[in-house]
Peer 1: 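This is the structure I have questions about; it appears just below.
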Protein chains: 2
Amino acid sequence: MARHAENQNWKLVASDLEDLIGYNLKRAYVIVRADFREALGDDGMSARVFSALSLAVEFPNITQSELARMMGIERSGLVSIVDELEQRGFLNRVAVPGDRRVQALVPTQEGRFACVEALKAVRAHEDALLDVMTAKEKETLLKLLKKIRMRGEG
Amino acid sequence: MARHAENQNWKLVASDLEDLIGYNLKRAYVIVRADFREALGDDGMSARVFSALSLAVEFPNITQSELARMMGIERSGLVSIVDELEQRGFLNRVAVPGDRRVQALVPTQEGRFACVEALKAVRAHEDALLDVMTAKEKETLLKLLKKIRMRGEG
DNA sequence: CGCAGATTGTTATGCTGGTAAACAATCAGA
DNA sequence: TCTGATTGTTTACCAGCATAACAATCTGCG
C-alpha cells in the first residue's frame with residue numbers, strides 16, 4: 001500500500017484489488033458486455049433479450065416461469081423481455097390446452113433466423129475481441145467460469 | 001438446437017449460449033457479486049465504493065477524475081461514491097494549493113482500517129466460494145481475466 | 001364435491017449502477 | 001488576454017434487476 005498517486009503504471013502494480021477474482025471478473029464482464037452491444041448494433045437485442053430468445057429457440061414451448069428459472073431472474077422481469085421479443089416478431093405467447101395459466105413461448109421462423117444471425121455476430125465479435133487468447137485458453141476460461149457457476153447455481 | 005422443453009439437465013446440454021464467453025462471464029459475475037455483498041453485510045460498502053476506497057488508500061491524494069479513469073466510470077458517477085465515503089468518515093476532500101479546481105482524496109485512519117477489514121472479509125468469502133478451484137486454477141483464471149482487461153482497457 | 005394452498009403471468013414500485021449533458025470555476029497555452 | 005481544456009458537480013435519464021401484490025387458475029386432500 002501507500003504508493004503515490006503519480007504512479008502511472010498502476011495496472012502493473014500488485015494491488016490488493018487486482019488480486020480479487022470479483023474485481024477482475026467485473027472489469028472483464030464490462031468489456032465483453034460492451035463488445036456484445038457493439039456486435040448487435042444500436043437497435044439490436046440486449047444480452048438478456050438475446051439469451052431469452054436463444055433459450056426459447058432451444059426449448060420451444062417453454063413457459064415464462066421455466067425460462068426465468070433458467071436465466072436466473074424473477075418471473076416479473078421476464079415479462080418485458082418477452083414483450084419485446086413478441087413485438088419484434090421473434091416469438092408468440094400461445095395458449096396451452098391443459099393449463100390456462102401458462103402461455104407457451106413459441107419462436108417464429110423470423111425468431112429462429114434472428115437468433116442464429118445474432119449468434120453469428122456475437123461469436124465473430126467475441127472471437128475478434130479475444131484473439132489475444134489461444135483456443136486452449138478460451139476453453140480453460142470457459143471451464144473455470146462454469147466451475148464458478150456450478151458453485152453458485154447448484 | 002430444437003431439443004425439447006422437458007429436458008431437465010439443460011445445464012449439461014451443449015447449447016449455443018453455453019459456449020459464449022460473455023454469457024458464462026455474466027453468470028459467474030452475478031454469483032461472485034452476490035457473494036461480495038454477503039461478505040460486507042447489509043450496511044456494508046457496495047463493490048464500487050469498496051473499489052474507490054481501496055484505490056484511494058493505495059494512491060492517496062488522488063483526484064476524483066483520476067480515480068474515475070482508474071475505475072473506468074464517468075466523473076459524475078464518482079461524486080456519490082466519494083460522498084458516501086466521506087459520510088462514512090473514510091476519506092476527506094481536501095483543497096490542493098496548486099490547483100483550485102481539484103480536491104485531493106485523503107483517506108482517514110478509519111478509512112484505511114475499514115479498507116483492510118473489508119478486504120479480509122471479501123477475500124475470506126471469495127476463498128470459501130471458490131474452494132472448488134485449486135490455487136493454480138484461480139491463478140489461471142486471474143491471468144485470463146486480466147488478458148481480457150488488457151484488450152479492453154488498453 | 002369443496003376448499004386450502006401452490007403456481008402463472010402481470011402490474012406497480014423502487015433500487016442500483018451507471019451514462020450524457022450542461023454548468024461555473026479554474027487552469028494552461030498561444 | 002483570449003481560447004480552449006479540465007474539474008467537480010447537478011440534473012435528468014436509462015437498463016436491469018428485485019419485491020410485493022394481484023387475479024386467474026391448477027392441484028391435492030378430506
Side-chain angles (χ1 to χ4, degrees), chain A residues 5 22-23 25-27 29-31 33-34 36-38 40 42-52 56 61-87 91-106, chain B residues 5 22-23 25-27 29-31 33-34 36-38 40 42-52 56 61-87 91-106:
Chain A
Y23 183 70
L25 205 50
K26 169 158 190 181
R27 299 295 296 247
Y29 164 63
V30 167
I31 292 164
R33 196 223 296 145
F36 178 96
R37 283 202 244 263
E38 200 178 310
L40 261 53
D42 248 12
D43 57 344
M45 290 179 280
S46 63
R48 23 192 314 241
V49 172
F50 168 69
S51 297
N61 293 309
I62 196 174
T63 68
Q64 278 176 254
S65 289
E66 286 171 332
L67 186 48
R69 274 191 289 272
M70 277 192 189
M71 295 179 64
I73 65 175
E74 294 301 310
R75 279 174 298 146
S76 59
L78 208 79
V79 175
S80 61
I81 296 176
V82 174
D83 282 350
E84 177 178 335
L85 284 172
E86 212 170 22
Q87 278 178 343
L91 56 75
N92 294 113
R93 291 170 161 108
V94 301
V96 169
D99 191 338
R100 273 185 296 180
R101 291 171 303 177
V102 312
Q103 287 172 277
L105 301 180
V106 180
Chain B
Y23 183 71
L25 205 50
K26 169 158 190 183
R27 299 296 295 250
Y29 163 63
V30 166
I31 292 163
R33 195 222 299 145
F36 178 95
R37 284 202 243 264
E38 201 179 309
L40 261 53
D42 248 12
D43 57 343
M45 291 179 279
S46 62
R48 4 177 292 152
V49 172
F50 169 69
S51 296
N61 294 308
I62 195 173
T63 69
Q64 277 176 248
S65 289
E66 286 171 333
L67 185 49
R69 273 190 290 271
M70 278 192 189
M71 296 179 63
I73 64 174
E74 295 299 311
R75 294 188 327 284
S76 58
L78 206 76
V79 176
S80 61
I81 296 175
V82 173
D83 283 350
E84 178 179 335
L85 284 172
E86 212 170 19
Q87 278 178 345
L91 56 75
N92 293 303
R93 293 171 161 105
V94 301
V96 169
D99 191 338
R100 275 185 296 180
R101 291 171 304 178
V102 312
Q103 287 172 277
L105 302 180
V106 180

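Worth saying up front: this structure is predicted, and the values here are computed from it rather than measured. In the text below, chain A, chain B and the rest are named by the order of the sequence lines, each starting its count at 1.
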Peer 1: Would B/Ile81 and B/Ile73 count as a side chain to side chain contact (heavy atoms under 4.5 Å, CB included) if you check the C-alpha gap in whole Å, the side-chain angles of each, and the deciding distance to 0.1 Å?
Peer 2: CA-CA 11 Å; B/Ile81 296 175; B/Ile73 64 174; 4.0 Å; yes
Peer 1: Please round to the nearest 0.5 Å and tell me the distance separating atom CZ of A/Arg48 and atom NZ of B/Lys26.
Peer 2: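 If I round to the nearest 0.5 Å, the distance is 7.0 Å.
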Peer 1: What I'd like to find out is whether the side chain of B/Gln103 reaches to under 4.5 Å of the side chain of B/Val82, using heavy atoms alone.
Peer 2: no
Peer 1: Compare every heavy atom of A/Ala56 with every heavy atom of A/Leu91, then report the nearest pair and how far apart it is.
Peer 2: CD2-CB, 4.0 Å
Peer 1: Can you tell me if B/Asp99 uses its side chain to pair, donor with acceptor, with the backbone of B/Arg101 under 3.5 Å?
Peer 2: yes
Peer 1: Starting at the 5' end of nucleotides 6-12 of chain D, put B wherever the base has a protein heavy atom under 4.0 Å, S where only the sugar-phosphate does, and a dash everywhere else.
Peer 2: BBBBB--
Peer 1: Using five pairs at either end of the helix from C/dG17-D/dC14 to C/dA30-D/dT1, determine the angle between the two local helix axes and round it to 10 degrees.
Peer 2: 10°
Peer 1: At a cut-off of 3.5 Å, list every protein nitrogen or oxygen paired with a nitrogen or oxygen from nucleotides 13-15 of chain D, distance to 0.1 Å.
Peer 2:
none

Peer 1: Atom CG of A/Leu105 and atom P of C/dG9: how far apart are they, to the nearest Å?
Peer 2: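 The distance from CG of A/Leu105 to P of C/dG9 comes to 8 Å, rounded to the nearest Å.
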Peer 1: At their closest point, which heavy atom of B/Ser80 faces which heavy atom of B/Gly77, and how far apart are they?
Peer 2: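 So the two residues come closest at OG-O, 3.6 Å.
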Peer 1: CE of A/Met71 versus P of C/dG9: gap in Å, rounded?
Peer 2: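 In whole Å, C/dG9 P and A/Met71 CE are 14 Å from each other.
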Peer 1: Side-chain contact, heavy-atom cut-off 4.5 Å: A/Glu86 with A/Leu105?
Peer 2: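 Side-chain contact under 4.5 Å: no.
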Peer 1: Please report, rounded to the nearest Å, how far the C1' atom of D/dC17 is from the NZ atom of B/Lys26.
Peer 2: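 About 9 Å, once rounded to whole Å.
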Peer 1: Which atoms form the tightest heavy-atom contact between A/Arg93 and A/Val79, and what is the distance?
Peer 2: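 Shortest heavy-atom contact: NH2-O, 3.5 Å.
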Peer 1: Atom CG of A/Leu67 to atom P of C/dT7: distance rounded to whole Å?
Peer 2: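 These atoms are roughly 18 Å apart.
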Peer 1: Could you measure the distance from the CD atom of A/Glu74 to the OG atom of A/Ser65? Nearest 0.5 Å is fine.
Peer 2: 10.0 Å
Peer 1: Locate the shortest heavy-atom distance separating A/Phe36 from A/Ser46; write the atom from each residue and the value.
Peer 2: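 Answer, listing the atom of A/Phe36 first, then A/Ser46: CE2-C, 3.7 Å.
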Peer 1: Whole angstroms only, please: what is the CD-P distance between A/Glu86 and C/dG9?
Peer 2: 13 Å
Peer 1: Starting at atom CG of B/Leu78, determine the distance to atom C1' of C/dT16, rounded to an integer number of angstrom.
Peer 2: 16 Å
Peer 1: Could you state the atom-to-atom distance from CD1 of A/Ile81 to P of D/dA18 in whole Å?
Peer 2: 10 Å
Peer 1: Whole Å only: how far is the CD atom of B/Glu84 from the P atom of C/dT16?
Peer 2: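 Value for this atom pair: 9 Å.
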Peer 1: A/Leu78 and A/Ala68: which non-hydrogen atoms are nearest, and at how many Å?
Peer 2: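 For A/Leu78 versus A/Ala68, the nearest heavy atoms are CD2-N, 4.0 Å.
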Peer 1: Could you pick out which residue, A/Ala47 or A/Gly98, lies toward the 5' side of DNA chain D when each is mapped onto its nearest nucleotide?
Peer 2: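 Looking at DNA chain D, the more 5' nearest nucleotide goes with A/Ala47.
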